[in-house]
There are 2 protein chains.
Amino acid sequence: MNNSEYLPHIAYDSVIFGFSGEKLKILLIEYHNTGWLALPGGFVKKNEPLDEAVIRGLRERTGLDQVYLEQFYTFGSLERVRPEIMQKILEAQDANLPENHWLLDRFISVGYYALIDYEKVEPMPDALSDSINWYDVDSIPDLLFDHNFIVQKALEHLRTHLDQKLLSVNLLPERFTMKELQQVYEAILGENLNRANFQRKMLSLGILQRHEKLFSGGSHKAPYLYSFKK
Amino acid sequence: MNNSEYLPHIAYDSVIFGFSGEKLKILLIEYHNTGWLALPGGFVKKNEPLDEAVIRGLRERTGLDQVYLEQFYTFGSLERVRPEIMQKILEAQDANLPENHWLLDRFISVGYYALIDYEKVEPMPDALSDSINWYDVDSIPDLLFDHNFIVQKALEHLRTHLDQKLLSVNLLPERFTMKELQQVYEAILGENLNRANFQRKMLSLGILQRHEKLFSGGSHKAPYLYSFKK
DNA sequence: TACTATTGTTTCAAACAGATACAATAAATA
DNA sequence: TATTTATTGTATCTGTTTGAAACAATAGTA
């Protein structure tokens, strides 16, 4: 990580959503030797499109390439500037990182969220962080800087755009049952939905392709599998 | 305008909407001696919140202080980097500006839109521009850089958030008729609305305060004046 | 007093949404 | 094989919202 390689004062933070089958989760990193949690983020190379930088960071952390990405807000307040915290993070690093005082500068950060298939991912920590793990969105711990606020903004955006954009596509495998689809909606919205009405609404949208039934072995009627029409 | 005073590589562009009583309009500036049109924009001081910078720019250009401002997207592609155009703009300037090659750098720009009362404003050009004028949103000429795209994105955002946020407040005088309110909606949405249904919907929201009638002299029933409840 | 243009309200039907009930069915069990 | 259970798919009933049109009120003009 070299000062001259990146645009100064500009960063991005990614809220990476995944669906465990039951709960909506996000990825958080933990900085070396501090126990401090934060959103995975990164910087933009001088000759790199902003979107590209975020995709690159996502690929490095998740190995995924084709993910749904949405920019939702840019954070530029002065309260988010906390050089003393960044200083401590750098101090807690091993010595193998160059002394980057440019990290102590003020940064304006562009917020993105990604929706990925939880199952397909083996999250990987980066040079600055010990670990990267999934956390339930309904019990996010205290995060560094303004990252709790950023998560909240991402969730709001996701919720209000849930219907318009068929975002659930990206959180489920290719084929899924109506129940699984409903669980995605419930996890994102944070509320329970009426099963019959949900099914009626989804079918009336005309976006679902019905496939064969899924026999799970349970002693009850087998659900159909669906996919999103291409 | 001094290099060291501002954050490098970071700019903002403002789409300033006004309502003429009939049409939705935006403010565009024309650069000295070029005839080139662009959105009014600016830069962020090193110790200034991003929002504050935009408010400052708006105050300088419109004299208005309390305006509705909304951040809608951040533009960070490489296509928007056009140093040769910026070079020509600077060349067309009078010599009283210092040679700012920092303006030729790549900029990531945060898009904001403002909603202001068209009547209350006497737009003022800045140091770089000859003039600043209103243009109908449904016939925006070719603009510099990616500014046509930025306007389009602003309009989309405005349209999709029109209902949720009572944005029309900011485009009308304190008191207005139901017809004027409907005209704001129609100008923003770009479509005609049914009068009776519009009135029913607005009244049912419970956000309007009804005042005295407005006698305009026309030979017909006089409309009530309304204001938004505080 | 009739006429005109515009505004406020009502009405009717169609579409939609919430809640519940009913029907179908895959497997376990008696 | 018949019965039971859990779950899924669909239908029904109700109340609400929405679109289109009609009706009623009224400020000025002829």
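Everything numeric in this text was worked out from a predicted model, so none of it was measured. In what follows, chains are A, B, ... by sequence order, proteins preceding strands, each numbered from 1.
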Write down the atom of A:Gly206, the atom of A:Lys229, and the distance for their closest heavy-atom approach.
O-NZ, 3.3 Å

Side chains of A:Met202 and A:Tyr226 in contact at under 4.5 Å (non-hydrogen atoms):
no

Under 4.5 Å between any side-chain heavy atoms of A:Arg80 and A:Ser109, yes or no?
yes

Please work out which residues in residues 174-182 of chain B have a non-hydrogen atom less than 4.0 Å from an atom of DNA chain D and list them by number.
none

Can you tell me how far OG of A:Ser227 sits from CD of A:Glu174, rounded to the nearest 0.5 angstrom?
5.5 Å

Measure the acute angle between the ring planes of A:Tyr113 and A:Phe17, then classify it against the limits of 30° and 60° as parallel, tilted or perpendicular.
perpendicular

Between A:Leu27 and A:Leu39, what is the shortest heavy-atom contact and its length?
O-CD2, 4.4 Å

Mind checking ring-ring contact (aromatic ring centres under 6.0 Å, His included) for B:Tyr224 and listing every partner two or more places apart, or none if nothing turns up?
none

Report yes if the side chains of B:Leu203 and B:Arg210 come closer than 4.5 Å at any heavy-atom pair, otherwise no.
yes

Under 3.5 Å, is there a donor-acceptor pair linking the side chains of A:Gln183 and A:Tyr185?
no

Does either side chain, that of B:His211 or that of B:Arg175, offer a donor lying less than 3.5 Å from an acceptor on the other one?
yes

B:Pro40 and B:Ile16, any side-chain heavy atoms less than 4.5 Å apart
yes

Report the end-to-end axis angle of the helix from C:dT1-D:dA30 to C:dA30-D:dT1; each axis comes from five terminal pairs, and the value is rounded to 10°.
30°

On a heavy-atom basis, which atom in B:Arg59 and which in B:Asp65 lie closest, and how many Å separate them?
NH1-OD1, 3.4 Å

Measure from CD on B:Gln183 to C1' on C:dT6 and round the result to the nearest Å.
13 Å

is_close_aromatic(B:Tyr12, B:Phe43), centroid dist under 6.0 Å
no

Selection: residues 216-230 of chain B, any non-hydrogen atom under 4.0 Å of DNA chain D:
B:Gly217, B:Gly218, B:Ser219, B:His220, B:Lys221, B:Ala222

Between B:Asn197 (CG) and C:dA14 (P), how many Å, whole number?
16 Å

Tell me, which of residues 186-196 of chain B have any heavy atom that sits under 4.0 Å from an atom in DNA chain C?
B:Arg195, B:Ala196

Do the ring planes of A:Phe149 and A:Phe75 sit parallel (below 30°), tilted (30 to 60°) or perpendicular (above 60°)?
perpendicular

Residues from residues 199-214 of chain B sitting under 4.0 Å of DNA chain D, heavy atoms only?
B:Arg200, B:Lys213

Between A:His157 and A:Tyr73, do the side chains contain an N or O donor and an N or O acceptor separated by less than 3.5 Å?
no

